[in-house]
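A short write-up of the structure that comes next.
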Number of protein chains: 2
Amino acid sequence: MMQQSFCSSSDNNNNYYHPFEVSEITDTPSQQDRALAALKNHKEAEKRRRERINSHLDHLRTLLPCNSKTDKASLLAKVVERVKELKQQTSQITQLETVPSETDEITVISAGSDISGEGRLIFEASLCCEDRSDLIPDLIEILKSLHLKTLKAEMATLGGRTRNVLVVAAEKEHNSIESIHFLQNSLRSLLDRSSGCNDRSKRRRGLDRRMMP
Amino acid sequence: MMQQSFCSSSDNNNNYYHPFEVSEITDTPSQQDRALAALKNHKEAEKRRRERINSHLDHLRTLLPCNSKTDKASLLAKVVERVKELKQQTSQITQLETVPSETDEITVISAGSDISGEGRLIFEASLCCEDRSDLIPDLIEILKSLHLKTLKAEMATLGGRTRNVLVVAAEKEHNSIESIHFLQNSLRSLLDRSSGCNDRSKRRRGLDRRMMP
DNA sequence: CCACACACGTGAACC
DNA sequence: TGGTTCACGTGTGTG
């Protein structure tokens, strides 16, 4: 190790004051000094870089379920897993358009947009119809019967109409297309139950109101 | 530098037939062989280790909003931020007890349980009272007026009673204690508006029904 | 002794 | 040019 720094930087020859110390290289003393200083600089900069990286790694160790003795590689592997996991959990929990419209609507779409498909199937179901007090209980019953887990629910009411947007997760063992159709049909029957008791004469109660601004 | 590759891999001295090539070292030829093989092994193992770490770093690069040319250190800094952010987002989006009780209740608690206090203030507000159709719009109006962002809303109705559990976030510039009291008072007035029109004679409509099983 | 993981100093490459 | 980042081979410590 020592010979590295020796032969690379500290070699100096043709020193005017100590000509015998220098033998085979043709650098001037000033060139020597400069090279030496550069090497020292380089060494210190590299050390700072290592410290910066390691400090971030230590920080990550405190954020994950692992002690301070876990490998760098294992730690990074855990980090990768955790980021993927958290990303999937939160990717669908974002802004949705929840303002009720004047026309009844049912939409059920697959929302598994991220690449890592190792999680559950995620759907976004939207139901827009006249408001009624039993709507939510009925909706809950439907989700329960279909074994769907609600990750997020947004509800907005405006002028007697309501829009409910649900992000739901189905277990992996279920078929994606089937689950979508079941949910669509169930919501359709729910909407049919509501029709006939419309009350369009209600005045709008205010401006845009949404659960998640 | 050269002597590294020289003595490590490509050179093969310690030839039994040229013992004089080794002069000042006291190792026997077999010892030399073993040392050389060990060094080669070591070199290769270290390379594998580097590749393992870098492969995880590359994987992380694909998971974050950054190109493939970002620094290791900057990348790790981004990862730290992202994990903290996602952790906070999802730490509060977990199971909550949402079954309505027979007694009216209002609770507002600070839910900023994670150490990193650089995020928004997070509260969990729970309101349990008789169900009425205007409850949700009124609740939305309150959150809007207090500039609170709803991260999660759970609602359950059971036998004409309802429990709403909200996880809300307040901007950093607001005072934590003040926001809690404002929210508590607003919910109290909301509950007062409901009282007087109770309808306890309603039969329970079913068993436990909750939005998020 | 060997397998493993880490820090170090250095040359190369890129602005 | 100098400043910064990377890969490399090596020394060292721990199990």
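So you know, we letter chains A, B, ... as the sequences are listed, proteins then strands, and number each from 1.
- Rounded to an integer number of Å, the gap from A/H42 NE2 to D/dC6 P is 12 Å.
- One can place CG of B/D71 at 12 Å from C1' of C/dC14, the figure rounded to the nearest angstrom.
- A distance of 9.0 Å separates CD1 in A/I53 from OG in B/S74, rounded to the nearest 0.5 Å.
- Counting heavy atoms from C-beta on, the side chains of A/E51 and A/N54 never come closer than 4.5 Å.
- Panel note: side chain A/N41, backbone A/A37; no donor-acceptor pair is recorded below 3.5 Å.
- In the set D/dT10, D/dT5, C/dC1, the nucleotide with an atom closest to the side chain of B/R34 is C/dC1.
- Looking only at side-chain heavy atoms (C-beta outward), A/L139 and A/L135 stay at 4.5 Å or farther from each other.
- Side chains of B/I109 and B/I180 form no contact here, defined as non-hydrogen atoms less than 4.5 Å apart.
- By the 4.5 Å heavy-atom criterion applied to side chains, B/K43 and B/E46 are not counted as neighbours.
- DNA chain C is contacted by A/E46, A/K47, A/R50, A/N54 of residues 45-56 of chain A, taking any non-hydrogen atom closer than 4.0 Å.
- Note: CG (A/L57) to P (C/dA7) measures 9 Å, nearest angstrom.
- Rounded to an integer number of Å, the gap from A/L39 CG to C/dA12 P is 13 Å.
- Residue A/N41 is the one, among B/K69 and A/N41, whose nearest nucleotide of DNA chain D lies closer to the 5' end (criterion: closest heavy atom).
- You'll find that the side chain of B/K43 is closest to D/dG9, out of C/dT10, D/dT1, D/dG9.
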